[in-house]
Asker: 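First, the structure itself, so that you have it in front of you.
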Amino acid sequence: MSKHTNDEPGEREKAPAPSAPATNFIREIIDEDLKNGKNDGRVATRFPPEPNGYLHIGHAKSICLNFGIAADYNGACNLRFDDTNPVTEDVEYVESIKEDIRWLGFDWDDRMYFASDYFDQLYEWAIYLIKKGKAYVCDLSEEEIRQGRGDFYRDGEESPFRHRSVAENLDLFARMRAGEFPDGSKTLRAKIDMKSPNMNLRDPLMYRIKRATHHRTGDKWLIYPMYDYAHGESDAIEGITHSICTLEFEDHRPLYEWFVRELDLPRPPRQIEFARLNLTHTVMSKRLLLQLVQEKLVSGWDDPRMPTITGLRRRGYTPEALRAFCDQIGVAKADSTVEVELLEHAVRDDLNERAPRVMAVLHPLKVVIENYPADQTDAFEIPLHPEKPEMGLRKAPFGREVYIERDDFREVPPKKWFRLAPGMEVRLRGACIIKCTDVVKDQNGEVIELRCTWDPASRGGAPADGRKIKGTLHWVSAAHALDAEVRLYDRLFNKANPYETEEGQNFKANLNPNSLEVLTGCKVEPSLAGAPPERHFQFERLGYFCTDRKDSSPTKLVFNQTVSLRDSWAKIEKVEEPKAAPKQEAKPAAPPPAGFEPPGEPITIGDFAQADLRVAEVVAAATLPGSKKLIQLTLDLGPLGRRSVLAGIAEHVADPQTLVGKRLICVANLAPRKMKWGVSEGMILAAASQTAAGEHLALVEAPNGKPGERVQ
RNA sequence: UGGGGCGUGGGCAAGUGGUAAGCCACGGGUCUUUGGAACCCGCUACCGUAGGUUCGAAUCCUACCGCCCCAGCCA
């Protein structure tokens with residue numbers, strides 16, 4: 001069944017069954033029914049799509065529920081197309097629906113049915129109801145029926161045709177079928193209760209005349225049954241025990257039961273309703289998805305940005321991920337909207353296990369390794385999965401020129417940056433350590449090339465002297481790289497709730513104009529040569545990608561981004577940015593003297609002069625349990641009182657008690673800083689120096705100063 | 001205005017009278033040749049509100065509030 005994915009190296013055949021299958025209120029109802037001996041212990045469900053659109057993730061929830069329950073209760077789940085309205089339905093949809101369900105990993109064996117299979121039976125039963133005096137032919141027009149139905153605060157009025165004789169009804173109904181009346185001129189109605197507070201019971205329509213060619217029955221029928229009349233009976237015919245549907249059908253249930261009861265059908269099924277799935281940043285209505293397709297706002301039902309099963313598949317989602325997601329969201333009756341993050345988590349979780357790792361450079365920046373001979377080549381062997389040696393290795397050729405990601409270089413590195421920058425060392429994954437020695441720019445000042453040197457003693461990426469190399473970059477050998485197109489995707493809608501719009505706008509106003517970015521000229525490692533369509537990979541440090549099932553070929557590689565890797569650097573940068581940005585506006589930094597490049601955000605003498613430096617005597621000092629770096633100091637600042645300061649000096653102070661009594665220098669006018677262990681009300685001065693033995697730190701002391709005294 | 005449902009931390013969601021699981025998100029840390037993964041910690045929930053029953057209430061009762069669905073010859 002999972003042949004679509006198990007041909008990939010290292011991918012497992014099937015997601016393991018969840019250890020503890022989540023229970024839900026539907027399973028409880030079934031347990032209860034079983035306990036009461038209902039249905040002879042049989043459990044039968046069905047998935048009943050209407051073939052008028054493609055399946056989406058919401059349907060996946062229903063599919064997993066229905067097929068899942070059947071499997072767990074030793075029952076069966078039928079596939080039944082609810083094809084009672086020929087004007088909107090089409091074979092294209094039945095084919096796509098079958099393919100999607102199969103791809104998801106479910107099997108209906110030989111139990112594929114169509115409501116249209118039951119048209120003859122349904123017709124006979126309609127006659128039975130007429131004879132029973134429970135149905136009548138009504139000549140009212142559509143508008144008249146609407147009027148007669150009344151509304152929430154007005155009872156309906158009985159149709160003047162409600163009391164026709166059985167004989168007349170029989171005759172008229174037969175002639176409706178025979179085509180004696182024009183479309184819409186007559187209907188068959190159930191005779192229930194025009195005063196019912198439940199609108200569904202105010203003599204609902206059972207049949208309407210529609211001269212439309214049905215995708216299965218062709219022109220055999222001119223009258224078609226309504227959903228309400230067809231569904232319960234179809235369930236009963238198939239012996240469905242639990243007919244699971246969504247909440248909006250809740251008040252159809254009395255009608256569902258009315259038909260089954262009036263027809264005296266044995267094996268009456270039980271309808272149970274659950275809340276449909278909503279997802280943030282997308283729409284889940286077939287009507288709106290169709291609109292996106294028809295207005296070419298997306299490339300089709302299988303556009304990788306669509307929440308359709310086929311779209312998710314093309315995006316690189318796996319059946320296993322989708323099933324896991326459906327397990328995690330639960331089943332309940334409360335309206336709910338699940339965050340897409342949970343869906344993304346499900347693919348990451350699955351692909352992390354199975355996707356082979358590979359390197360691809362999306363925005364190439366050339367690096368020339370000056371001390372590497374032009375005519376030399378190396379081939380490093382790198383594991384396909386860092387935690388699964390059984391997945392094997394791939395060869396990554398290496399030469400004097402390589403590409404790295406443009407984003408991995410900063411001429412002026414921000415704080416906490418441990419990628420490449422002038423003078424910085426970095427590891428090329430699985431290859432070696434390089435150091436940036438020079439930056440080549442074009443006339444416009446744009447960086448076009450980096451000059452680096454490599455450390456020949458670091459082959460494979462491990463430094464011979466054991467020095468710590470914090471940053472690791474992905475790379476591709478320029479001489480061996482393959483070109484590829486890469487499609488980056490973002491959420492289809494900017495807003496979590498696309499329906500939330502300004503006055504006069506609709507959901508389309510929230511479409512994300514940047515939801516698709518096509519990158520050409522990307523460089524990928526040569527082991528990707530000949531990758532077949534629909535193959536999943538992790539591009540190291542970037543995310544999960546798959547070869548496009550339509551556009552990629554072994555000679556023209558096209559990758560779709562499934563989901564990015566979690567990016568904690570992006571978070572750090574986001575936090576640092578707002579702190580730095582306003583400062584920059586307020587005080588444009590003076591140009592630094594020639595030859596001096598300040599690392600990070602420059603500050604001015606003015607900034608520094610603002611510091612209120614005071615002599616502070618250490619009254620108490622203690623390590624903080626749980627923190628490797630911090631020591632908590634209580635400082636006496638004389639007239640300024642006492643301060644509690646958290647200082648990051650623990651690694652340099654063997655015993656905090658030795659600090660007690662010392663007079664240090666404290667910055668007294670810093671805004672208090674909230675930290676995990678408390679609030680730090682100042683900062684002490686220290687001098688750090690880098691030596692061969694490591695970092696050395698010396699506290700700046702003022703042994704002769706009085707606590708609180710100002711230091712200039 | 002009638003009817004049918006639903007309200008548990010930022011999002012899902014367990015819980016079924018005995019003192020609030022789990023997942024995602026978020027924050028922190030350890031480790032790391034992916035700033036990935038893994039692992040550890042935190043997120044300290046007045047269970048929509050107000051009363052009541054009870055030794056004890058998210059669970060039972062009453063009232064109120066809020067949200068969703070229904071007036072297709074769609075499903």
Side-chain angles (χ1 to χ4, degrees), chain A residues 20 22-24 28 48-50 52 82-85 87-89 141-142 145-146 149-156 183-187 189 196-202 205 207-210 224 226-228 230-231 245-254 273 275 277 280 286-287 327-346 348-349 352-353 357 359 382-383 386-387 416-419 427-431 433 458 460-463 469-474 496 538-543 564-572 626-628 675-676:
Chain A
T23 188
N24 57 54
E28 279 171 19
E50 184 192 8
N52 68 344
D82 226 328
D83 55 351
T84 55
N85 185 5
V87 313
T88 54
E89 295 155 8
S141 69
E142 189 167 350
I145 289 180
R146 199 193 330 281
R149 188 152 37 215
D151 51 43
F152 297 154
Y153 29 80
R154 213 181 65 235
D155 286 346
D183 284 12
S185 62
K186 283 183 169 48
T187 55
R189 294 230 252 169
S196 172
N198 182 343
M199 302 293 291
N200 294 117
L201 264 18
R202 320 246 265 223
L205 269 53
Y207 273 92
R208 72 285 214 190
I209 306 173
K210 259 182 210 276
Y224 291 95
M226 300 288 290
Y227 162 86
D228 284 309
H231 203 89
C245 63
T246 43
L247 251 28
E248 66 271 27
F249 291 102
E250 206 147 22
D251 44 19
H252 289 238
R253 192 170 63 225
E273 311 84 12
L277 170 66
T280 57
K286 275 199 268 184
R287 203 188 95 243
D327 278 348
Q328 286 165 27
I329 56 177
V331 179
K333 292 195 71 161
D335 292 317
S336 60
T337 302
V338 174
E339 295 172 330
V340 255
E341 285 83 352
L342 186 57
L343 217 208
E344 294 176 341
H345 164 79
R348 284 200 190 99
D349 206 36
N352 174 49
E353 286 291 310
R357 317 280 128 131
M359 291 190 285
I382 310 176
E387 274 113 40
K416 297 179 186 169
W417 176 264
F418 45 87
R419 277 122 96 151
R427 168 172 32 242
L428 294 182
R429 169 118 246 230
I433 293 165
S458 65
I469 302 293
K470 199 79 157 105
T472 300
L473 308 187
H474 58 278
Q538 186 198 92
F539 288 177
E540 291 209 59
R541 302 210 308 131
L542 296 176
S564 68
L565 246 32
R566 292 192 54 186
D567 185 353
S568 43
W569 164 247
K571 272 180 209 161
I572 295 171
S627 172
K628 266 196 164 179
M675 299 168 83
K676 185 178 171 183

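The sequence lines fix the lettering, A, B, ..., with proteins before strands; numbering per chain opens at 1.
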Asker: Keeping the roles fixed (side chain from A:Arg348, backbone from A:Ser564), state whether a donor-acceptor pair exists under 3.5 Å.
Answerer: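 The answer is yes, because a donor-acceptor pair under 3.5 Å joins these two groups.
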Asker: Could you please name the option among B:G36, B:C12, B:C24 that lies closest to any side-chain atom of A:Ile329?
Answerer: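 Nearest nucleotide to the side chain: B:C12.
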Asker: Mark yes or no for a side-chain to base donor-acceptor pair under 3.5 Å between A:Arg541 and B:G35, with no hydrogen or angle criteria applied.
Answerer: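 For A:Arg541, whose side chain was compared with the base of B:G35, there is no donor-acceptor pair (under 3.5 Å).
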Asker: Rounded to whole Å, please give me the gap between CG in A:Asp327 and P in B:C12.
Answerer: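 Between P of B:C12 and CG of A:Asp327: 19 Å.
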Asker: In whole Å, what is the span from the NE2 atom of A:His345 to the P atom of B:C26?
Answerer: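 Atom NE2 in A:His345 sits about 12 Å away from atom P in B:C26.
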Asker: In whole angstrom, give the distance that lies between atom CZ of A:Arg427 and atom C1' of B:G36.
Answerer: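 So the CZ-C1' distance, A:Arg427 to B:G36, works out to 14 Å.
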Asker: Taking atom P in both B:G48 and B:A57, what distance in whole Å separates the two?
Answerer: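 It works out to 15 Å between them.
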Asker: Check whether any side-chain N or O of A:Arg566 sits under 4.0 Å from OP1 or OP2 of B:C24, and answer yes or no.
Answerer: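 For B:C24, neither OP1 nor OP2 has a side-chain N or O of A:Arg566 closer than 4.0 Å.
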Asker: Please state how far atom CG in A:Leu428 lies from atom C1' in B:U34, giving the value in whole angstrom units.
Answerer: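 Taking CG of A:Leu428 and C1' of B:U34, I get 13 Å after rounding.
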Asker: Evaluate the side chain to side chain contact (heavy atoms under 4.5 Å, CB included) criterion for residues A:Thr84 and A:Glu50: first the C-alpha distance (whole Å), next the side-chain angles of each, then the deciding distance (0.1 Å), finally the verdict.
Answerer: CA-CA 8 Å; A:Thr84 55; A:Glu50 184 192 8; 5.9 Å; no
Asker: So if I take every side-chain heavy atom of A:Glu341 and compare against B:G4, B:C24, B:U32, which nucleotide ends up nearest?
Answerer: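 Nearest to the side-chain atoms of A:Glu341, counting from C-beta on, is B:C24.
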Asker: List the steps and the verdict of side chain to side chain contact (heavy atoms under 4.5 Å, CB included) for A:Leu565 and A:Leu542.
Answerer: CA-CA 6 Å; A:Leu565 246 32; A:Leu542 296 176; 5.9 Å; no
Asker: For A:Leu247 and A:Asp335, run side chain to side chain contact (heavy atoms under 4.5 Å, CB included): C-alpha distance rounded to whole Å, both residues' side-chain angles, the deciding distance at 0.1 Å, then the answer.
Answerer: CA-CA 9 Å; A:Leu247 251 28; A:Asp335 292 317; 3.8 Å; yes
Asker: Can you measure A:Leu542 atom CG to B:G36 atom C1' for me and round it to whole angstrom units?
Answerer: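 These atoms are roughly 11 Å apart.
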Asker: Distance check, C1' atoms only: B:A14 and B:A75, in whole angstrom units.
Answerer: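 Pairwise C1' distance, B:A14 against B:A75, rounds to 32 Å.
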Asker: Find out whether A:Asp82 and A:His231 are in side-chain contact, i.e. whether some heavy atom of one side chain is under 4.5 Å from a heavy atom of the other.
Answerer: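 Of all side-chain heavy-atom pairs linking A:His231 with A:Asp82, at least one is under 4.5 Å.
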Asker: Taking only N/O atoms, report every protein-nucleotides 64-66 of chain B pair under 3.5 Å with atom names and distance.
Answerer:
none

Asker: Does B:G72 fall in syn (glycosidic angle within 90° of 0) or anti?
Answerer: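 Nucleotide B:G72 adopts syn.
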Asker: A:Glu387 near the nucleic acid: base, sugar-phosphate alone, or nothing, with a heavy-atom cut-off under 4.0 Å?
Answerer: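 The residue A:Glu387 makes base contact.
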Asker: So how far is it from A:Glu273 CD to A:Cys245 SG, rounded to the nearest 0.5 Å?
Answerer: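 Here the interatomic distance stands at 5.0 Å.
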Asker: Mark yes or no for whether A:Arg154, through its side chain, and A:Arg149, through its backbone, hold a donor-acceptor pair below 3.5 Å.
Answerer: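 Side chain of A:Arg154 to backbone of A:Arg149: no pair is present.
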Asker: When you compare B:U59 with B:G51, how far apart are their P atoms, in angstrom units rounded to a whole number?
Answerer: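 Between the two P atoms, the distance is 14 Å.
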Asker: By the 4.0 Å heavy-atom rule, please label A:Gln538 as base, sugar-phosphate, or nothing.
Answerer: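 Result for A:Gln538 = base.
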Asker: Over all strands shown, is A:Pro386 touching base, sugar-phosphate only, or nothing at heavy-atom distances under 4.0 angstrom?
Answerer: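 Touches a base.
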Asker: Could you run through nucleotides 68-75 of chain B and give me one letter per nucleotide, 5' to 3': B if any protein heavy atom sits under 4.0 Å from the base, S if only the sugar-phosphate is that close, - if neither?
Answerer: SBBBSBSB
Asker: When both hydrogen-bonding distances must be under 3.5 Å and the geometry is Watson-Crick or G-U wobble, what is B:C73 paired with, if anything?
Answerer: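 By the stated definition (distances under 3.5 Å), nothing pairs with B:C73.
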Asker: For atom P, what is the distance between B:G52 and B:G42, given to the nearest Å?
Answerer: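 Pairwise P distance, B:G52 against B:G42, rounds to 37 Å.
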Asker: How close or far is atom C1' of B:G15 from atom NZ of A:Lys333, stated in whole angstroms?
Answerer: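 In whole Å, B:G15 C1' lies 18 Å from A:Lys333 NZ.
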Asker: With both distances under 3.5 Å as the test, what is the Watson-Crick or G-U wobble partner of B:G42?
Answerer: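 Pairing partner: B:C26.
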Asker: Run the side chain to side chain contact (heavy atoms under 4.5 Å, CB included) test on A:Met359 and A:Arg541 for me, step by step, so that the C-alpha distance in whole Å, both residues' side-chain angles and the decisive distance to 0.1 Å come before the verdict.
Answerer: CA-CA 9 Å; A:Met359 291 190 285; A:Arg541 302 210 308 131; over 6 Å; no
Asker: Verify whether one side chain among A:Arg427 and A:Thr472 offers a donor that lies under 3.5 Å from an acceptor in the other.
Answerer: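 Short answer, yes.
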Asker: What integer number of Å spans the P atoms of B:A58 and B:A20?
Answerer: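 Per the computed distance, 9 Å lies between those P atoms.
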Asker: Considering residues at least two apart in sequence or located in another chain, which fulfil the ring pair (Phe, Tyr, Trp, His ring centres under 6.0 Å) criterion with A:His252?
Answerer: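 Checked A:His252 against ring pair (Phe, Tyr, Trp, His ring centres under 6.0 Å); matches are A:Phe249.
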Asker: Between the main-chain N or O of A:Leu473 and the side-chain N or O of A:Arg419, is there a donor-acceptor pair closer than 3.5 Å?
Answerer: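 Checked: no pair found.
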Asker: Would you classify A:Ala462 as touching base, sugar-phosphate or nothing, given that sugar-phosphate means primed atoms plus P, OP1 and OP2, and contacts are heavy atoms under 4.0 Å?
Answerer: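 Base contact.
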Asker: P atom, B:G11 versus B:U44: distance in rounded Å?
Answerer: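 It comes out at 13 Å once rounded to the nearest Å.
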Asker: In terms of the nearest nucleotide of RNA chain B, which residue is placed more toward the 5' end: A:Phe418 or A:Gln328?
Answerer: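 Final value for this comparison: A:Gln328.
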Asker: Which nucleotide, if any, forms a Watson-Crick or G-U wobble pair with B:U16, using both distances under 3.5 Å?
Answerer: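 The answer is none; no pair meets the criterion.
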Asker: Give me the distance, rounded to whole Å, that separates B:C46 from B:G29 when you measure between the P atoms they each carry.
Answerer: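 That atom pair is separated by 28 Å.
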Asker: Which base sits across from B:C60 as a Watson-Crick or G-U pair, both distances under 3.5 Å?
Answerer: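 When the pairing criteria are applied, B:G52 turns out to be the nucleotide that pairs with B:C60.
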Asker: What is the distance from CD of A:Glu344 to P of B:A37, rounded to the nearest Å?
Answerer: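 The distance from CD of A:Glu344 to P of B:A37 comes to 13 Å, rounded to the nearest Å.
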Asker: Provide the Watson-Crick or G-U wobble partner of B:C67, both distances under 3.5 Å; none if there is no partner.
Answerer: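 Base-paired to B:G5.
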Asker: Can you measure A:Leu277 atom CG to B:C24 atom C1' for me and round it to whole angstrom units?
Answerer: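 Value for this atom pair: 14 Å.
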Asker: Can you tell me, in whole Å, how much space there is between the C1' of B:U19 and that of B:A25?
Answerer: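 Result for the C1' pair: 28 Å, nearest Å.
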Asker: Students often get this wrong, so: under 4.0 angstrom with heavy atoms, is A:Arg357 touching a base, only sugar-phosphate, or nothing?
Answerer: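 Counting heavy atoms under 4.0 Å across all strands, the contact made by A:Arg357 includes a base.
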Asker: I want to check one thing: is the phosphate of B:G27, taken as OP1 and OP2, less than 4.0 Å away from some side-chain N or O of A:Lys571?
Answerer: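 Looking at the OP1 and OP2 atoms of B:G27, one of them is under 4.0 Å from a side-chain N or O of A:Lys571.
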Asker: Pick the closest RNA chain B nucleotide for A:Arg348 and for A:Val331 by heavy atoms, then say which residue is nearer the 5' end.
Answerer: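 On the 5' side of the pair lies A:Val331.
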Asker: Please check if the side chain of A:Asn198 supplies one atom and the backbone of A:Asp251 the other of a donor-acceptor pair under 3.5 Å.
Answerer: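 Side chain of A:Asn198 to backbone of A:Asp251: a pair is present.
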